[in-house]
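Read through the structure below, which is laid out as structure tokens, and then see the notes.
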Amino acid sequence: MLDKLEAINQRYENVNEELMQPDVMSDLKRYKSLNKEYKELGKIVAQYRNYQGVLSNIENAREVIATEKDQDFREMAKAELDELQPEQERLEELIKDLLLPKDPNDSKDVIMEIRAGAGGDEAAIFAGDLQRMYMRFAEKQGWKMELIDAMDGTAGGYKEIIVAVRGEDVYGKLKFESGVHRVQRVPATETQGRIHTSVASIVVIPEVEEFDVELNMGDIRKDYFCSSGPGGQSVNTTYSAVRLTHLPSGLVAQCQDQKSQLKNFDKALAVLRSRVYDMELAKKNEADGIVRKSMIGGGDRSDKIRTYNYPQGRVTDHRIGYTVYNLASVMEGNVDDFVEQLRIAESAERLQEGVTK
């Protein structure tokens, strides 16, 4: 492991030197790629250097114990050694996790699509609740959430809402949120007090750069229309809303959030680019035979992944059998436990794959 860490440390130093070269700084694509690698390697190098410090201190403590004649000094060295050895083990586990193969998309920003499913008005209200939950989570992470497009529900919430979430390690933390989310509660519109079950679906796809996927603008049909709000009333009288159709795939993306047609075009194009990338990646994975039907990832997006039971105050993730009884806190954006448990499960799967190969 030390040889591998030293090689990573050397690569980290080399990338740092490359980033300072004028020819690299003038090449935006190369600069972004190297800067991304530099940040990812930096996480490992930081822990490696901590680990080196601990190993050095352990060696010094053992030398004192072996050679020092003063009893007090030896006792102090033994006490220090007792503290350092657990820290050595902790860092070794952390570094092993960092060295596991990672999803190359983990560091990307995301496009998140939330759609009301079965359940009528209550499903749309629930979709709105989920959007608010993720908005609160994004705020706690220091991320930025930007509205791309939305279709309001007739009784509140959203029939559909699409947002971009940008920040550090966004896809790595949100990718397992894709799937069907189920709510069990008494709707506000229910007069008999009966518990209803409604669902909303979530799709999380990495937001990609222009150089990640090439789109031929000749393959894209552009339609412009007036933005509209709840109930279909016109929000403006200019054709600022944009709908883009990728003719080869039939994929569609639209945006009407901005008053500027150009800004709406840029947002819709970003969504379309990410959807095409996601589709092509799925095809490639299938062709390469690396699609994994695991308990946490790689499954069908129609799979039911989580239940929010209001009468019991319970939230259950069905993929890993993880349940908490703090639903109110979860709906305020405190989904960290689920994110962490799912990431641990993914790491365990990757580690197991490494052992069995």
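Sequence positions, counted from 1, serve as the residue numbers for this chain.
- Enclosure of atom CZ in Arg221 is not indicated, since only 12 or fewer non-hydrogen atoms of other residues, nucleotides or ligands lie within 6.0 angstrom.
- Taking every heavy atom of both residues into account, Gly172 and Lys175 meet most closely at O-CE, 4.0 Å.
- Considering only heavy atoms from C-beta on, Ser274 comes within 4.5 Å of Val208 through its side chain.
- The shortest distance between side-chain heavy atoms of Glu113 and Arg275 falls below 4.5 Å.
- Other residues, nucleotides and ligands contribute more than 12 heavy atoms inside 6.0 Å of the CD atom of Gln71.
- For Ser240 against Asn264, the heavy-atom pair with the smallest separation is O-ND2, 2.9 Å.
- Under the 4.5 Å side-chain contact rule for hydrophobic residues, Tyr171 and Ile344 do not share a cluster.
- Note on Leu327 and Ile202: same hydrophobic cluster, where clusters join Ile, Leu, Val, Met, Phe, Trp and Tyr whose side-chain heavy atoms are under 4.5 Å apart, directly or indirectly.
- No side-chain donor-acceptor contact under 3.5 Å links Asp223 to the backbone of Val242.
- Phe265 places a side-chain heavy atom less than 4.5 Å from the side chain of Lys222.
- In this structure, the side chain of Asp70 engages the main chain of Phe73 through a donor-acceptor pair within 3.5 Å.
- Closest approach of Asp169 and Asp106 over heavy atoms only: OD1-O, 3.1 Å.
- Here the closest non-hydrogen pair linking Val54 and Leu84 is CG1-O, 3.8 Å.
- A salt bridge is absent between Glu168 and Lys173; no separation between the charged side-chain nitrogens and carboxylate oxygens falls under 4.0 Å.
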List the steps and the verdict of side-chain contact (heavy atoms from CB on, under 4.5 Å) for Gln341 and Asp317.
-> CA-CA 10 Å; Gln341 291 299 321; Asp317 194 289; over 6 Å; no
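- Rounding to the nearest 0.5 Å gives a distance of 7.5 Å between CE of Met133 and CZ of Phe126.
- Side chains of Lys267 and Asp149 form no contact here, defined as non-hydrogen atoms less than 4.5 Å apart.
- Within a 6.0 Å radius of NZ in Lys144, other residues, nucleotides and ligands contribute 12 heavy atoms or fewer.
- Just one of Val165, Ile111, Val271 meets the side chain to side chain contact (heavy atoms under 4.5 Å, CB included) condition when paired with Glu207; it is Ile111.
- The distance from the CD atom of Glu87 to the CG atom of Asn57 is 10.5 Å, given to the nearest 0.5 Å.
- At most 12 non-hydrogen atoms from other residues, nucleotides or ligands lie less than 6.0 angstrom from NZ of Lys4.
- Grouping the Ile, Leu, Val, Met, Phe, Trp and Tyr side chains by contacts below 4.5 angstrom, directly or via other members, places Leu272 apart from Leu262.
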Stepwise side-chain contact (heavy atoms from CB on, under 4.5 Å) test for Asn9 and Arg49 = CA-CA 9 Å; Asn9 184 63; Arg49 291 175 180 174; 3.1 Å; yes
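- Using a 4.5 Å cut-off on side-chain heavy atoms (C-beta onward), Leu99 and Leu5 make contact.
- Atom CD of Glu6 is surrounded by more than 12 heavy atoms from other residues, nucleotides or ligands within 6.0 Å.
- Relative to the ring axis of Phe176, Arg319 does not place its NZ or CZ within 45° and under 6.0 Å from the centre.
- Counting only N and O atoms by type, the side chains of Tyr51 and Glu92 include a donor and acceptor under 3.5 Å apart.
- Under the 4.5 Å side-chain heavy-atom criterion for grouping Ile, Leu, Val, Met, Phe, Trp and Tyr, Tyr325 is not connected to Val335 through any hydrophobic cluster.
- Ile220 is connected to Val213 through a chain of hydrophobic side-chain contacts under 4.5 Å among Ile, Leu, Val, Met, Phe, Trp and Tyr, so both are in one cluster.
- With values rounded to the nearest 0.5 angstrom, Leu34 atom CG is found 12.0 Å from Met25 atom CE.
- Checking Gln52 against Tyr48 by side-chain atom types alone, a donor-acceptor pair falls below 3.5 Å.
- Using a 4.5 Å cut-off on side-chain heavy atoms (C-beta onward), Leu81 and Lys78 make no contact.
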Could you check Thr316 against Asn309 for side-chain contact (heavy atoms from CB on, under 4.5 Å), going step by step and ending with a plain yes or no?
-> CA-CA 8 Å; Thr316 297; Asn309 185 294; over 6 Å; no
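- A donor-acceptor contact closer than 3.5 angstrom links the side chains of Asn14 and Gln10.
- Side-chain N/O atoms of Gln85 and Glu89 include no donor and acceptor closer than 3.5 Å.
- Atoms OG1 and CG, on Thr323 and Asp337 in that order, are 12.0 Å from each other to the nearest 0.5 Å.
- The line from CG of Leu281 to NZ of Lys283 is 12.0 Å long, rounded to the nearest 0.5 Å.
- Using the six-membered ring where Trp is involved, Phe338 and Tyr322 have ring planes that are perpendicular, over 60° apart on the 30 and 60° scheme.
- Between Gly153 and Ala124, the shortest heavy-atom distance links the atoms CA-CB, 4.1 Å.
- Scanning both residues, Ile148 and Gln254, for their nearest heavy atoms gives CG2-O, 4.1 Å.
- Inter-residue side-chain proximity for Asp129 and Val183 is flagged as unmet; no heavy-atom pair is nearer than 4.5 Å.
- The CG atom of Asn35 lies 10.0 Å from the CD atom of Glu40; values are rounded to the nearest 0.5 Å.
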Check step by step if side-chain contact (heavy atoms from CB on, under 4.5 Å) holds for Glu17 and Met20.
-> CA-CA 5 Å; Glu17 291 180 10; Met20 300 302 171; 5.9 Å; no
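- Lys263 NZ: 12 or fewer foreign heavy atoms inside a 6.0 Å radius.
- Cation-pi contact between Arg185 and Tyr308: absent, since separation from the ring centre below 6.0 Å together with deviation from the ring axis within 45° is not met.
- For Glu68, the CD atom counts as densely surrounded, since its 6.0 Å shell holds more than 12 non-hydrogen atoms of other residues, nucleotides or ligands.
- Under a 4.0 Å N-O distance rule, the pair Lys108/Glu209 does not qualify as a salt bridge.
- A salt bridge between Glu340 and Arg343 is absent, with no side-chain N of the basic residue lying under 4.0 Å from a carboxylate O of the acidic one.
- Between Arg115 and Ser201, the side chains place no donor N or O within less than 3.5 Å of an acceptor N or O (distance only, hydrogens not considered).
- Within the 4.5 Å cutoff, the side chain of Gln131 has no heavy atoms near those of the Met112 side chain.
- The neighbour count for Asp3 CG, taken as heavy atoms of other residues, nucleotides or ligands under 6.0 Å away, does not exceed 12.
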